[in-house]
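Below, chains carry the letters A, B, ... as their sequence lines are ordered, and counting in each starts from 1.
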2 protein chains.
Amino acid sequence: MEKSDRKSEILSVAARLFRERGYSAVSMRDIAQEMDMKAASLYNHITSKQQILVSIVIRIAEEFTVGMERISSSGDSAIHQLEQLIDLHIELTLHDPSVIACLNNDWMHLTDSDLKYFLKMRDKYEEGFKAILKRGMTNGEIANVNLEVIMFALLSTLRTFYLWYGRKKLLSGDELKVQMKRVLLNGIITST
Amino acid sequence: MEKSDRKSEILSVAARLFRERGYSAVSMRDIAQEMDMKAASLYNHITSKQQILVSIVIRIAEEFTVGMERISSSGDSAIHQLEQLIDLHIELTLHDPSVIACLNNDWMHLTDSDLKYFLKMRDKYEEGFKAILKRGMTNGEIANVNLEVIMFALLSTLRTFYLWYGRKKLLSGDELKVQMKRVLLNGIITST
DNA sequence: TCTACAAACTAACATTTGTTAGTTTGAGTT
DNA sequence: AACTCAAACTAACAAATGTTAGTTTGTAGA
């Protein structure tokens with residue numbers, strides 16, 4: 001669903017299968033079959049199964065990293081920055097849910113320097129998130145609840161959104177963003 | 001971490017490894033090594049790798065099913081029922097995080113009737129959840145936002161709590177419950 | 001028509017996988 | 001001392017795995 005060259009097709013098919021069964025449960029022969037070819041032929045386009053995973057996971061992780069840098073360096077209010085982060089997650093999820101699933105579930109199969117690089121990015125992302133929350137708390141925009149708990153609640157929802165998108169097709173992308181912000185930021189209990 | 005017989009030990013070790021690497025990436029030899037025995041010896045206690053997974057996943061799924069039945073058949077207010085559900089998730093997670101991880105990540109490797117049974121329970125759980133939310137909305141306890149979005153936000157957070165518990169040991173179990181309810185139900189933005 | 005080359009193929013490889021069969025061990029009971 | 005039995009073992013299996021080597025095919029440019 002990207003460039004039409006063969007390598008991108010493989011990455012796309014692989015991501016779909018990884019999402020359904022997990023990285024370890026998908027064989028090169030599975031991927032090949034789905035592309036109507038033999039497993040050995042895949043190696044004309046990619047160098048290893050491991051590299052398929054790296055291409056998928058690192059690429060999307062970098063997109064989140066770039067997004068966080070852009071948003072947190074803007075001068076906007078903390079709440080508005082959170083809203084932009086919600087948009088970022090929703091947009092990337094709608095664009096390719098399978099890739100987000102790999103990011104969530106298969107990063108653990110990265111090895112050595114790739115794993116290290118990924119974890120560095122993840123840490124940085126969460127640090128950026130916490131910095132925004134902290135600023136919002138000190139200037140009174142955000143309620144004074146445990147910071148880790150707030151971040152955990154927000155990120156859990158945003159990261160596993162791929163599991164839910166598609167169950168209610170009723171909502172358009174934009175409508176989803178609106179509802180999500182309402183639930184995540186304003187809460188659930190009726191404000192009387 | 002349950003009964004001290006050998007079979008329970010195997011289930012416990014397996015759950016831990018499944019959590020770290022995923023069901024497919026863990027071999028019988030891995031499990032055996034962790035128990036200081038040979039793979040073949042495991043079969044004195046269990047009948048197959050698949051059955052290990054079934055034992056872990058179905059057991060905990062049934063615990064959630066029972067919990068939902070208990071809570072939703074009480075006459076409490078919708079908000080109070082939601083609070084009890086939050087407690088249920090936190091308690092089961094603290095009791096054995098690895099088992100919760102398997103429930104979340106490895107259910108897809110169940111087969112045939114086990115998978116069917118699991119999906120039936122999951123559906124029923126979510127129906128129970130929605131019924132509570134709907135009641136809370138019609139009697140004004142809960143804000144009138146898209147019902148699926150609310151459930152998704154709550155369940156995402158509760159289900160992936162196992163990923164976060166342990167990063168902030170500062171909070172006790174009870175303190176965690178309080179903070180979680182505050183964030184999930186009252187929201188994040190300062191109520192002025 | 002000849003050449004070049006990407007992209008498919010067949011065949012094979014060494015490992016790893018879940019599992020079975022048959023055997024040994026060792027502690028408790030008769 | 002003989003017996004029982006759970007629980008470990010060794011050895012082996014067929015199947016599946018990721019990957020490589022070498023070969024064929026089809027198309028585009030000279």
| task | Measure the distance from CZ on A/Arg29 to C1' on D/dA15 and round it to the nearest whole Å. | result | 11 Å
| Does A/Glu91 come within less than 4.0 Å of A/Lys177, counting only side-chain N to carboxylate O? | yes
| request: Send over the distance from B/Gln50 CD to C/dT17 P, rounded to a whole Å. | output: 17 Å
| request: Let me know the distance between CD of B/Gln51 and P of C/dG18, rounded to the nearest Å. | output: 15 Å
| query | OP1, OP2 of C/dA8 versus side-chain N and O of A/Arg6: anything below 4.0 Å? | reply | yes
| query | In whole angstrom, what separates A/Gln33's CD from D/dT17's P? | reply | 11 Å
| query | Side-chain N or O of A/His45 less than 4.0 angstrom from OP1 or OP2 on C/dA8? | reply | yes
| B/Met37 side-chain proximity, nearest of D/dC9, D/dT19, C/dT19 | D/dC9
| said: Rounding to an integer number of Å, can you tell me how far A/Glu9 CD sits from C/dA8 P? | reply: 9 Å
| task | Give one of base, sugar-phosphate or nothing for B/Ser27, where a contact means two heavy atoms less than 4.0 Å apart. | result | sugar-phosphate
| said: Both A/Asp30 and A/Asn44 contact DNA chain D. Which one's nearest nucleotide lies toward the 5' end? | reply: A/Asp30
| query | According to the interplanar angle, ranging from 0 to 90°, do the rings of A/Trp107 and A/Phe118 count as parallel (below 30°), tilted (30 to 60°) or perpendicular (above 60°)? | reply | parallel
| Hphob cluster co-occupancy, B/Val66 + B/Leu85, side-chain heavy atoms under 4.5 angstrom | no
| query | Looking at side-chain heavy atoms only, is the closest gap between A/Ile52 and A/Tyr23 below 4.5 Å? | reply | no
| query | Does A/Lys38 make a side-chain N or O approach to OP1 or OP2 of C/dT10 shorter than 4.0 Å? | reply | yes
| task | Grab the CG-P distance between A/Leu42 and C/dA7 for me, whole Å please. | result | 13 Å
| Can A/Ile79 be reached from A/Met151 by stepping across I, L, V, M, F, W or Y side chains whose heavy atoms are under 4.5 Å apart? | yes
| remark: Rounded to whole Å, OH of B/Tyr43 lies from P of C/dA21 at a distance of 13 Å
| Which whole-number value in Å describes the distance from A/Lys49 NZ to D/dA16 P? | 15 Å
